[in-house]
Amino acid sequence: MARKMLSDGELNKAAAAGEEATTETHYDFDLFVIGAGSGGVRAARFSANNGAKVGICELPFHPISSEEIGGVGGTCVIRGCVPKKILVYGATYGGELEDARNYGWEINGNVDFNWKKLLQKKTDEILRLNNIYKRLLANAAVKLYEGEGRIVGPNEVEVRQIDGTKISYTAKHILIATGSRAQKPNIPGHELAITSDEALSLEEFPKRAIVLGGGYIAVEFASIWRGMGATVDLFFRKELPLRGFDDEMRALVARNLEGRGINLHPQTSLAELIKTDDGIKVISSHGEEFVADVVLFATGRIPNTKRLNLEAVGVELDQVGAVKVDEYSRTNIPSIWAVGDATNRINLTPVALMEATCFANTVFGGKPAKADYTNVACAVFCIPPLAVVGLSEEEAVEKATGDILVFTSGFNPMKNTISGRQEKSLMKLIVDEKTDKVIGASMCGPDAAEIMQGIAIALKCGATKAQFDSTVGIHPSSAEEFVTMRTVTRRIAYKAKPQTSL
Ligand code: NDP
């Protein structure tokens, strides 16, 4: 049975009243959250707003060191989306400066990029956001404990503080919101490689960078470093990067990365990393040799659940260590819940926020709510970016119950006609012919993420192609292509799938 404790305030009150500090049916908190990232902070605040007494624990924030992956704000704010986007903005100026010349801007003399300056500005901003997140918790009367949490019973969390002392808190409900952490494949010399944690805080700018992986982080960092002037070699196992995205978009991303000067090595992995006086010698799976200042492994992330003592408490995990939950984010132990990357559903910040909101509504708001995973839009912030919502062409064909219409528009953005940049944008709509509903949209090109958010609302509302067509465009813009694609690029006839007998 969980050990029951009284909070300081309650102990004081009990002492003042001359009562004995008894431990019957009392919990320190209605909710204790482990992990103050996007999901944890949202769940804590919204639960508190619903009247719950909430505690939350998180490791302290080290702006540079990646020894501890803590910090209120979590991966997104401290070591993910936000600092990455700051670096993407920084890198984008590289291309913009080149493009500016034909627009009449005379750039005389050297144009230098100062990595240390951007790094400092980035760190200042992350510290500011870290403080804002702490303030958000305090304003919601959520009690923050700086330390590492582990579950020691269905209603008890132990927090190991920075000085090593351990304190236990009891809670009616416990929420696991510990996110995910980068993983490195066991390639000889892998200890010489860094992950995105370190890549965001490198003391020296890597003039020669090697990136392993073809996912979000790989193409984003390849774009960042190249945009800032580095020589970048990108190695990935498949023919094209970004497995799982629309093939035509993947091909364009690859072409654009190459166009921006990134050396692509498809169907190639790394065999060995060796430290030399000149940097890190890298031997590819084809036996070629390269030398780099930095080697980034962007080879996926795993749920951050190892140190939570979950097996001992009986919380079920899947084969990759993700916490198994039902549609309401509840584990097999009724008092324990989990949201975000720790559950490995759709590993995106806004999805963790949605799951956390549903959790707070379900447990403390009296409004049981399931997260809705349909039409979740997302963007890859390579340069130029890719953004999608709904089905890719391949998924549409796979899931189809009727014919599919594909509309595409590939064009050189107006800005490029003067700048002279040779870089195509591509937009695509996938339509279910029978219902005329738009079931997928994607775009690779400048501002794709900004444009796709609006398209995502249309898909969420079940918009038809006829409704897209009857929408008046904003002229001149790239976005107007989404409402002017009149001609079908291809029609994919439905092929009945062979029946499988049981
Ligand atoms: P991803 O899962 O997106 O991609 C992992 C990549 O690593 C794949 O290309 C995979 O190749 C490759 N890989 C895996 N193991 C090996 C190996 N042993 N050798 C060589 N290559 C390997 O992971 P990321 O690390 O890029 O990102 C992690 C998650 O973070 C994403 O899934 C996303 O959820 C989130 N994220 C979201 C962002 C956004 O919204 N913009 C930005 C950054 C991250 P293969 O395809 O062949 O399996």
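Everything quoted here is computed from the prediction, not taken from an experiment.
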Looking only at heavy atoms, which two atoms of [X] and [Y] are closest? And how far apart?
X: D246; Y: K428; value: OD1-NZ, 2.9 Å
X: A342; Y: T305; value: O-CG2, 4.0 Å
X: L308; Y: N304; value: CD1-O, 4.0 Å
X: A199; Y: W225; value: CB-CZ2, 3.9 Å
X: P241; Y: V219; value: CB-CG1, 4.0 Å
X: A449; Y: A379; value: CB-CB, 3.7 Å

Are any non-hydrogen side-chain atoms of [X] and [Y] less than 4.5 angstrom apart?
X: I176; Y: L310; result: yes
X: C444; Y: N256; result: yes
X: L296; Y: L212; result: no
X: R307; Y: E148; result: yes

*R421 and D99 ion-paired at < 4.0 Å*: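 A salt bridge links R421 with D99.
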Would you check if there is a donor-acceptor pair between the side chains of [Y] and [X] at a distance under 3.5 Å?
X: D432; Y: T435; value: yes
X: S180; Y: D341; value: yes
X: S269; Y: S285; value: no
X: S223; Y: R260; value: no
X: Y133; Y: E58; value: no
X: S201; Y: E198; value: no
X: R345; Y: T343; value: yes

*For E125 and I86, run side chain to side chain contact (heavy atoms under 4.5 Å, CB included): C-alpha distance rounded to whole Å, both residues' side-chain angles, the deciding distance at 0.1 Å, then the answer.*
CA-CA 9 Å; E125 175 60 7; I86 291 172; 3.8 Å; yes
Between [X] and [Y] (side chain of the first, backbone of the second, donor and acceptor by atom type, cut-off under 3.5 Å), is there such a pair?
X: N416; Y: Q422; value: no
X: S329; Y: V325; value: no
X: T362; Y: A369; value: yes
X: N344; Y: A322; value: no
X: S47; Y: A360; value: no
X: S392; Y: E395; value: yes
X: D233; Y: I210; value: no
X: K370; Y: C358; value: no
X: E355; Y: G340; value: yes
X: T299; Y: Q183; value: yes

*Among K85, K84, R226, which residue meets the salt bridge (Lys or Arg N to Asp or Glu O under 4.0 Å) test with E220?*
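Testing E220 for a salt bridge (Lys or Arg N to Asp or Glu O under 4.0 Å) against K85, K84, R226 leaves exactly one candidate, K84.
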*Return the set of residues passing side chain to side chain donor-acceptor pair (under 3.5 Å) with R250 (not counting sequence neighbours), or none when no residue passes.*
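For R250 the side chain to side chain donor-acceptor pair (under 3.5 Å) partners, ignoring immediate neighbours, are D247.
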*Aromatic ring centroids of F297 and F235 under 6.0 Å?*
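When the ring centroids of F297 and F235 are compared, they turn out to be at least 6.0 Å apart.
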*Mind checking whether H173 and F364 have ring centres under 6.0 Å apart?*
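For H173 and F364, the ring centres are under 6.0 Å apart.
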In Å, rounded to the nearest 0.5 Å, how long is the span from [atom1] of [X] to [atom2] of [Y]?
X: Q453; Y: D447; atom1: CD; atom2: CG; answer: 14.0 Å
X: K437; Y: T464; atom1: NZ; atom2: OG1; answer: 9.0 Å
X: E327; Y: Y373; atom1: CD; atom2: OH; answer: 9.0 Å
X: L257; Y: L242; atom1: CG; atom2: CG; answer: 8.0 Å
X: L429; Y: E481; atom1: CG; atom2: CD; answer: 10.5 Å
X: I34; Y: I56; atom1: CD1; atom2: CD1; answer: 10.0 Å

*Answer yes or no: does atom NZ of K184 have more than 12 heavy-atom neighbours from other residues, nucleotides or ligands under 6.0 Å?*
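Atom NZ in K184 is packed in, count exceeds 12.
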*Answer yes or no: does atom OH of Y328 have more than 12 heavy-atom neighbours from other residues, nucleotides or ligands under 6.0 Å?*
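Enclosed.
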*So V33 and V54, side chain to side chain contact (heavy atoms under 4.5 Å, CB included) or not? Walk me through it.*
CA-CA 8 Å; V33 182; V54 184; 4.3 Å; yes
_If you apply the rule side chain to side chain contact (heavy atoms under 4.5 Å, CB included), what do you find for I383 with V88, and how did you get there?_
CA-CA 8 Å; I383 302 173; V88 169; 4.3 Å; yes
*By ring pair (Phe, Tyr, Trp, His ring centres under 6.0 Å), which residues pair with F245, not counting sequence neighbours?*
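For F245, the residues satisfying ring pair (Phe, Tyr, Trp, His ring centres under 6.0 Å) (neighbours in sequence not counted) are Y216.
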_salt bridge (Lys or Arg N to Asp or Glu O under 4.0 Å) evaluation trace for R490 with E248_ = CA-CA 13 Å; R490 55 191 163 269; E248 208 174 355; 2.8 Å; yes
*Verdict with reasoning, K281 to F290, per side chain to side chain contact (heavy atoms under 4.5 Å, CB included)*: CA-CA 6 Å; K281 184 160 97 177; F290 301 82; over 6 Å; no
*Would you please test D403 and K434 for salt bridge (Lys or Arg N to Asp or Glu O under 4.0 Å) and show each step?*
CA-CA 7 Å; D403 295 351; K434 205 166 40 195; over 6 Å; no
_salt bridge (Lys or Arg N to Asp or Glu O under 4.0 Å) contacts in which one or both residues fall within residues 463-478, not counting sequence neighbours_ =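 As it turns out, the salt bridge (Lys or Arg N to Asp or Glu O under 4.0 Å) pairs with a partner in residues 463-478, which skip direct neighbours, are K465-D469, D469-R486.
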